[in-house]
2 protein chains.
Amino acid sequence: MGFRNVALVGLGLIGSSIARAVREAMPEVGLSGYDMDAAVRERAAQLGLVDRVADNPGDAVGDADLVILCVPVGAMAEAGAALADHLPRGAIVSDVGSSKAAVAASLRAVLPEAVVIPAHPVAGTENSGPDAGFATLFQGRWCILTPADDARVEDVQRLSDFWTSLGAKVERMDAKHHDLVLAVTSHLPHLIAYTIVGTASDLERVTESEVIKYSAGGFRDFTRIAASNPTMWRDIFLTNKEAVLDMLQRFTEDLSFLQRAIRLDDGDTLFDLFTRTRAIRRGIVAQGQDVAEPDFGRQSG
Amino acid sequence: MGFRNVALVGLGLIGSSIARAVREAMPEVGLSGYDMDAAVRERAAQLGLVDRVADNPGDAVGDADLVILCVPVGAMAEAGAALADHLPRGAIVSDVGSSKAAVAASLRAVLPEAVVIPAHPVAGTENSGPDAGFATLFQGRWCILTPADDARVEDVQRLSDFWTSLGAKVERMDAKHHDLVLAVTSHLPHLIAYTIVGTASDLERVTESEVIKYSAGGFRDFTRIAASNPTMWRDIFLTNKEAVLDMLQRFTEDLSFLQRAIRLDDGDTLFDLFTRTRAIRRGIVAQGQDVAEPDFGRQSG
């Protein structure tokens with residue numbers, strides 16, 4: 001059974017992409033929305049993203065059978081608390097946060113009576129705001145549901161069907177395991193990209209203009225990641241601290257190992273690793289999680 | 001004054017791209033080529049990349065007025081030595097290596113009589129071999145020349161004009177400074193990408209299949225870089241050791257600083273850096289060194 005009315009709390013990149021995707025895939029579904037930023041609410045109304053932009057979160061969710069919180073993970077508890085007195089009985093509350101155990105715990109705490117099923121669509125771009133969204137953002141991407149052990153099978157299935165209708169492939173996972181997997185596939189890469197872009201901009205003997213000019217050598221791929229929403233990413237690191245620090249520790253050890261190989265002119269160690277990492281890339285392209293064109297199709301042709 | 005006959009020693013991604021670009025931009029120029037791998041020579045002949053595929057490096061350069069060594073930087077000395085007795089008087093010998101001080105020194109040593117002007121086109125993809133090349137690879141990219149202090153102005157200008165004709169923007173730089181700039185814009189990013197892809201493939205609690213499935217969260221951008229030619233990159237790290245280790249040291253310090261901020265729940269430090277790094281991305285897009293489409297245009301649409 002599908003949903004009749006979906007409420008989106010937060011109308012940035014992800015919220016506005018869900019709105020657009022619902023319009024295309026389920027035009028019969030009612031859409032309401034709210035954002036704590038008045039300018040975003042106004043822009044969402046101009047764009048006609050939802051049927052009704054509410055002035056407060058309670059109004060947005062009053063007749064919803066699915067509420068999706070599309071706010072930074074550090075703002076989930078506050079966003080959830082604001083709904084507590086307005087949620088229709090039986091409505092499913094979900095979210096799109098990139099860390100799951102902490103979000104699940106805080107939503108449980110502020111919405112003890114509600115049906116909460118956390119979710120994480122593994123999709124996004126470096127752009128933010130209601131104008132950055134697009135309907136195909138979730139096409140062919142994974143959406144990971146992390147229902148609690150006591151979640152009702154029917155509820156989980158309804159949410160799963162919703163994401164499938166938006167083009168996503170759905171997976172279920174324990175929240176803790178999710179946080180570990182995403183720490184390596186997403187959070188650590190972002191932390192490293194932010195770091196190296198910061199390092200490059202702090203050099204004395206190399207100017208920022210030189211860094212920008214010669215970025216095609218590899219650096220520019222890091223800058224795209226390091227242009228992601230600062231609030232969102234601050235919150236992710238603070239709410240998935242344990243797994244991120246664990247992965248960071250391993251990364252640092254591996255980096256020291258390569259550093260030593262360079263210092264000792266040990267070319268074989270370098271060559272062996274560099275050969276091994278090529279295989280992983282092939283797996284990602286083979287499984288449709290990236291395009292095969294060289295350089296992401298930037299220059300070929 | 002342009003060149004009449006260009007010889008390419010090494011017919012992989014870069015050598016074959018130069019061949020294709022010369023064909024398009026300067027169809028009147030004679031092209032000869034050699035590769036130490038017989039299979040590559042055969043494939044280059046099939047593709048008709050050059051007018052004449054020679055069986056040995058001496059034959060390739062016999063009537064050239066420009067010789068470009070397109071081999072891994074660790075193979076430059078050997079490639080140069082093989083030409084020593086066959087180079088026409090006055091021919092310019094250049095290269096495309098990603099580290100310059102070491103290459104310049106080794107070419108000087110094996111070709112003491114020759115006119116050597118090292119060069120580095122900052123362009124490439126993660127693919128290798130003669131089939132991977134394409135004529136537009138250098139379009140709008142920088143090519144850095146690192147002539148020695150005693151290089152003749154006319155010779156440097158001729159080589160500069162050659163690269164401009166292939167669509168590149170030419171810059172001149174001291175070899176040592178080049179190596180420092182590229183250490184941060186290219187070598188360190190590659191080292192880090194190789195490391196994190198290796199780290200991810202060594203985990204016990206996260207499977208390789210999970211890493212591949214959820215790579216869209218950031219990881220996949222690193223895997224593209226970490227799919228680059230292993231021989232080429234081994235040689236770069238060994239020949240630009242000092243600058244790479246210097247940059248790595250700074251990066252590690254900065255990473256420890258962020259690690260500490262996460263451990264101490266210091267969100268302000270994270271937020272400040274993440275805001276600063278966005279500006280660098282804007283500079284790269286503004287200067288045409290990358291496309292502005294979100295996610296490199298992968299999903300938008």
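Letters go in sequence order (proteins before strands), and every chain restarts at 1.
Only the side chain of Asp246(A) comes within contact range of chain B, judged by heavy atoms closer than 4.5 Å. Heavy-atom distances place no part of Glu253(A) under 4.5 Å from chain B, backbone and side chain included. Heavy atoms of Arg282(B) lying under 4.5 Å from chain A are absent altogether. Interface residue His177(B): only side-chain heavy atoms are found under 4.5 Å from chain A. Interface residue Ile192(B): backbone and side-chain heavy atoms are both found under 4.5 Å from chain A. No part of Val285(B) comes within reach of chain A, as not one of its non-hydrogen atoms sits under 4.5 angstrom from that chain. Neither the backbone nor the side chain of Glu242(B) has a heavy atom closer than 4.5 Å to any heavy atom of chain A. Both the backbone and the side chain of Thr231(B) come within less than 4.5 Å of a heavy atom in chain A. Both the backbone and the side chain of Phe271(A) come within contact range of chain B, with heavy atoms under 4.5 Å apart. Contacts of Leu180(A) with chain B are made by both backbone and side-chain atoms, with heavy-atom separations under 4.5 Å.
The aromatic rings of Tyr214(A) and Trp142(B) sit perpendicular, their planes meeting at an angle over 60°, well past the 30° parallel limit.
Of all non-hydrogen atoms in Pro189(A) and Gly218(B), the two that sit nearest each other are CB-C, 4.1 Å. The nearest pair of heavy atoms linking Ala216(B) to Arg141(A) is CB-NE, 3.8 Å. When all heavy atoms of Ser201(B) and Ile280(A) are compared, the pair lying nearest together is CB-CD1, 3.3 Å.
Within the 6.0 Å centre-distance limit, the rings of Phe274(B) and Phe237(A) are counted as a close aromatic pair.
Of all the listed residues (Thr252(B), Leu182(B), Ile144(B), Leu188(B)), the one sharing the greatest number of non-hydrogen pairs under 4.5 Å with chain A is Ile144(B). Ranked by heavy-atom pairs under 4.5 Å with chain A, the first of Ala200(B), Ser256(B), Ser215(B) is Ser215(B). Contact count versus chain B (heavy atoms, under 4.5 Å) is highest, among Asp272(A), Val291(A), Thr269(A), Asp265(A), for Asp265(A). If you tally non-hydrogen atom pairs under 4.5 Å between each of Glu126(A), Gln249(A), Lys169(A) and chain B, the highest count goes to Glu126(A). Per-residue counts of heavy-atom pairs under 4.5 Å with chain A were compared for Thr277(B), Leu270(B), Val206(B); the largest is that of Thr277(B). Among Ile196(B), Asn127(B), Val184(B), the residue making the largest number of heavy-atom pairs under 4.5 Å with chain A is Ile196(B). Taking Asp235(A), Leu245(A), Val211(A) one by one and counting their heavy-atom pairs under 4.5 Å with chain B, the maximum is reached by Leu245(A).
Proximity of a side-chain donor or acceptor of Arg281(A) to a complementary backbone N or O of Ser228(B) within less than 3.5 Å is not detected. Of the possible donor and acceptor atoms, one in the side chain of Ser186(B) sits under 3.5 Å from a partner among the backbone N and O of Gly217(A).
Taking the side chain as every heavy atom from C-beta outward, Leu191(B) and Ile262(A) approach each other to under 4.5 Å. Side-chain atoms of Glu210(B) and Thr185(A), non-hydrogen and from C-beta on, never get closer than 4.5 Å to each other. Between Arg205(A) and Lys176(B) there is no side-chain heavy-atom pair separated by less than 4.5 Å. Looking only at side-chain heavy atoms (C-beta outward), Leu255(B) and Leu248(A) come within less than 4.5 Å of each other. Put simply, the side chain of Ile225(A) does not reach to within 4.5 Å of the side chain of Phe219(B), judged on heavy atoms.
Considering OG1 of Thr195(A) and CG of Leu258(B), their distance stands at 4.0 Å, rounded to 0.5 Å. With rounding to the nearest 0.5 angstrom, the CZ atom of Arg263(B) is 13.5 Å from the CG atom of Leu238(A). To the nearest 0.5 Å, the span separating CD on Gln259(A) from CZ on Phe251(B) amounts to 11.0 Å. Taking OG1 from Thr125(B) and CG from Asp295(A), the interatomic distance works out to 6.5 Å, rounded to the nearest 0.5 Å.
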### Task
Given side chain to side chain contact (heavy atoms under 4.5 Å, CB included), test Thr223(B) with Arg278(A) step by step and report yes or no.
CA-CA 8 Å; Thr223(B) 64; Arg278(A) 267 195 153 171; over 6 Å; no
### Task
Give the C-alpha distance, both sets of side-chain angles, the deciding distance and a yes or no for side-chain hydrogen bond (donor to acceptor under 3.5 Å, both in side chains) between Thr199(A) and Asp254(B).
CA-CA 7 Å; Thr199(A) 303; Asp254(B) 293 346; 2.7 Å; yes
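Ion pairing between a basic and an acidic side chain is recognised when a charged N comes within 4.0 Å of a carboxylate O; Arg250(B) and Asp202(A) show no such pairing. Using a cut-off of 4.0 Å between Lys/Arg side-chain N and Asp/Glu carboxylate O, Arg234(B) and Asp268(A) are scored as not salt-bridged. Using a cut-off of 4.0 Å between Lys/Arg side-chain N and Asp/Glu carboxylate O, Arg224(B) and Asp221(A) are scored as salt-bridged.
Screening Glu171(B), Gln289(B), Gln287(B) for a side chain to side chain donor-acceptor pair (under 3.5 Å) involving Lys213(A) leaves a single residue, Glu171(B).
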